[in-house]
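Reminder, nothing fancy here: chain letters follow the sequence lines and each chain counts from 1.
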2 protein chains.
Amino acid sequence: MKDTLIFSEETKLLARFAKALGHPARIEILNYLAKQNTCFTGDIVEIMPLAQATVSQHLKALKEAGLICGTVQPPKVSYCIDQQNWIKAQTILWQLFENGCCKNQCTS
Amino acid sequence: MKDTLIFSEETKLLARFAKALGHPARIEILNYLAKQNTCFTGDIVEIMPLAQATVSQHLKALKEAGLICGTVQPPKVSYCIDQQNWIKAQTILWQLFENGCCKNQCTS
DNA sequence: ATTGTTAATCGCAAATATACGATGATTATT
DNA sequence: AATAATCATCGTATATTTGCGATTAACAAT
């Protein structure tokens with residue numbers, strides 16, 4: 001991909017955050033985590049209509065995007081939202097929308 | 001996919017918006033559109049490090065997600081941000097983040 | 001009618017994403 | 001040590017995404 005060479009870091013970061021949000025399961029996970037203080041993988045698997053392996057994959061995706069982090073509490077693993085990046089995501093998303101919107105509404 | 005059966009419409013909508021934002025090229029396009037009032041496909045192709053066919057595809061993705069709309073002005077096509085959905089996206093994204101964040105910061 | 005301009009679409013290849021069962025790793029309890 | 005519990009990872013299948021050259025479609029201007 002040429003991406004690496006060309007788009008700004010800011011743009012790529014925003015795209016990475018957005019991509020992580022780009023699946024219903026991951027949205028649900030984040031919604032859940034935002035409401036609970038702590039929660040284990042098992043809790044998430046239970047509320048999710050997906051196999052454990054699949055949920056684990058989504059958790060990995062969110063972790064790699066930096067949106068959540070997990071700590072092992074044997075034999076469980078607890079996850080929570082990564083505050084710092086959560087706020088970062090919020091901020092740069094906001095910047096995108098703050099740019100405003102064109103005045104002329106198109107029809108199609 | 002089971003998605004259709006299970007996740008709420010709100011969740012799926014948010015995921016669809018986010019997915020559309022999940023590529024640097026599409027972020028750039030939206031950034032550009034947010035600043036210009038009108039712009040033609042050609043303008044976007046010029047500022048983008050991608051082939052015309054590829055840019056056209058990204059425009060299609062954004063259009064299908066409802067984030068932009070285009071009007072033919074032969075022989076050109078002008079695009080602009082879809083105000084209504086733009087605000088909708090902004091709103092439901094905001095809801096996600098407004099849920100807050102867990103208090104206990106994890107280490108890993 | 002022919003030509004030129006613009007942009008979508010087609011067809012293809014390569015890469016990624018999604019989902020799941022099965023297996024493996026870790027650790028507490030017995 | 002053996003067992004049970006929890007969760008990540010592997011392997012696999014299928015679907016989607018990304019990118020591009022080539023072609024097509026739509027229309028203006030000659």
Whole angstrom is fine here: how far is it from [atom1] in [X] over to [atom2] in [N]?
{"X": "B:Arg16", "N": "D:dT16", "atom1": "CZ", "atom2": "P", "result": "15 Å"}
{"X": "B:His58", "N": "D:dC20", "atom1": "NE2", "atom2": "C1'", "result": "11 Å"}
{"X": "B:Gln73", "N": "C:dT6", "atom1": "CD", "atom2": "C1'", "result": "12 Å"}
{"X": "A:Arg26", "N": "C:dT16", "atom1": "CZ", "atom2": "C1'", "result": "11 Å"}

If hydrophobic clusters are built from ILVMFWY residues whose side chains come within less than 4.5 Å, do B:Val72 and B:Tyr79 share one? yes
Listing request: all ring pair (Phe, Tyr, Trp, His ring centres under 6.0 Å) pairs with a residue in residues 26-56 of chain A, at least two apart in sequence or in separate chains.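 Matches after skipping sequence neighbours: none remain.
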In the 5'-to-3' direction, what one-character label does each nucleotide of nucleotides 5-14 of chain D receive under the scheme B = base within less than 4.0 Å of a protein heavy atom, S = sugar-phosphate only, - = no such atom? -SBBB-----
Return whichever of A:Pro74 or A:Gly22 has its heavy-atom-nearest nucleotide of DNA chain C closer to the 5' end.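 Closer to the 5' end of DNA chain C: A:Gly22.
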Side-chain N or O of B:Lys19 less than 4.0 angstrom from OP1 or OP2 on C:dA17?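 Answer is no, no contact under 4.0 Å.
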Within-4.5 Å side-chain heavy-atom neighbours: A:Leu21 and B:Leu21: no
Please identify each residue that fulfils side-chain hydrogen bond (donor to acceptor under 3.5 Å, both in side chains) with B:Glu28, with sequence neighbours left out.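 With sequence neighbours excluded, B:Glu28 shows a side-chain hydrogen bond (donor to acceptor under 3.5 Å, both in side chains) to A:Thr11, given in chain and number order.
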In chain order, what residues pass the side-chain hydrogen bond (donor to acceptor under 3.5 Å, both in side chains) check against A:Asn85, with sequence neighbours excluded?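 A:Asn85 satisfies side-chain hydrogen bond (donor to acceptor under 3.5 Å, both in side chains) with no residue once adjacent residues are dropped.
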Contacts table for residues 45-68 of chain A: side-chain donor-acceptor under 3.5 angstrom, sequence neighbours left out:
{"unit_1": "A:His58", "atom_1": "ND1", "unit_2": "A:Arg26", "atom_2": "NH1", "d": "3.0"}

